[in-house]
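Working notes, structure below.
Read the numbers this way: they start at 1 and go in the same order the structure lists the ligands and their atoms.
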Amino acid sequence: MAYVKTQEEQDAILKGGLLLGAILEDLGKMVRPGITTLEIDIEAERRIRDVGGIPAFKGYAPSGYTPFPGTICACVDDEIVHGIPSHRVLIEGQIFSIDIGMQYPANSGLGQGGNGFFTDTAITVPVGEINSQAQQLLSVTKKSLDNAIAVATNGTSVADIGRVIERYIEPQGYGIVRDLVGHGVGHEVHEDPAVPNYYESYLEKKILVPGVVIAIEPMITVGDYRTDVLDDGWTIVTDDGSLAAHFEHTIIITAEGEPIIATKRPSEK
Ligand code: MF3
Ligand code: CO
Ligand code: CO
């Protein structure tokens, strides 16, 4: 299977992922009322370059898109993913998601352009004190990711991941975003296989085997699952304006037991 990574590739992904997880945790601690999303973005780029990596999203330009300008995707409240960092000031009571990707190790001669391999991870955090509805959304979204990671074992399929997320989320009345999905990651930010956060019988059931590296990233809404795109061409928001949360980890499938969480944050150890 083409999407199985070699041991050398897995080692670089794990090393880069752990560095990125530590950076993301620190960025999360910067979040407070009064800070701008651009201040967090600037610190993100500084930290990535400091460890010998390259921001993966900066300049990323799928066909039909203008290059993404940020190191992080910065999303407030009803923004789900791909928000552009700006001079917008965060306000008490909001929720804020930080999604970050890194190519590592830069200038190693390995991977795309000799700049190493990609990892991708995200958290959603409170801005000061938040209400219980927002708190619930954050914990449910995080738990759905943890549940999905636990089933991502040798021999299961990407469909099993979607199924476990759907079975946990839908009975609680939340929406699962369908327009965006998780993905293989490593040689590029986005590669095969697609990793949906929902289950449909017609979806491909790619089997997970040791050395497969995927990013699992449930995007969960308080209201309807449908999305819209802002005029900036990038920011994906909930169509009904309801709150959305997003958590993401890059994981490596192992021969036995639970996968390695490449982007594990220090507080998760
Ligand atoms: N981080 C996103 C994902 O999890 C991709 C961001 S691409 C960007 O798949 F260009 F918007 F940054
Ligand atoms: Co991401
Ligand atoms: Co991703």
message = Given the ring of Phe117, does Lys5 sit roughly above its face, with NZ or CZ under 6.0 Å from the centre of the six-membered ring and within 45° of the axis?
response = no
Check ion pair [X]-[Y] (N to O, under 4.0 angstrom):
X      : Y      : answer
Glu166 : Arg163 : no
Lys142 : Asp146 : yes
Arg47  : Asp50  : no

Side chains of [X] and [Y] in contact at under 4.5 Å (non-hydrogen atoms):
X      : Y      : value
Thr254 : Asn154 : no
Tyr174 : Val222 : yes
Asp232 : Ile84  : yes

Going by heavy atoms, is [X] under 4.0 Å from ligand 1?
X      : answer
Cys73  : yes
Trp234 : yes
Val189 : no

ask   = Considering only N, O or S atoms, which atom of Asp99 is nearest to the Co ion (ligand 2)?
value = OD1
Quick one: does [X] get an N or O within less than 3.5 Å of an N or O on ligand 1?
X      : answer
Glu248 : yes
His246 : no
His183 : yes

ask   = Numbering the atoms of ligand 1 from 1, which are under 4.0 Å from a heavy atom of His190?
value = 3 (C), 5 (C), 9 (O)
query = Hey, which atoms in ligand 1 end up nearer than 4.0 Å to a heavy atom of Tyr60?
reply = 7 (S), 10 (F)
query = So, Glu217 and the Co ion (ligand 3): N/O/S under 2.8 Å, yes or no?
reply = yes
request  = Answer yes or no for His190: is there an N/O/S atom below the 2.8 Å cut-off from the Co ion (ligand 3)?
outcome  = no
task = Check for a donor-acceptor pair, side chain of Glu92 on one end and backbone N or O of Glu129 on the other, with a separation under 3.5 Å.
result = yes
Among Glu217, Met219, Lys58, closest by any non-hydrogen atom to atom 4 (O) of ligand 1 = Glu217
query = So which heavy atom in the protein is nearest atom 2 (C) of ligand 1, and how far is it from that ligand atom?
reply = Asp99 OD2, 3.3 Å
ask   = How far is atom 3 (C) of ligand 1 from its nearest protein heavy atom, and which residue and atom is that?
value = Asp120 OD2, 3.2 Å
task = Could you tell me whether the Co ion (ligand 2) has an N, O or S atom of Asp120 under 2.8 Å away?
result = yes
inquiry  = Could you check whether Thr36 and His87, counting side-chain N and O atoms only, form a donor-acceptor pair closer than 3.5 Å?
reply    = no
query = For Glu248, what is the atom name of its N, O or S atom nearest to the Co ion (ligand 3)?
reply = OE2
request  = May I ask you to check whether Tyr60 and His190 place their ring centers less than 6.0 Å from one another?
outcome  = yes
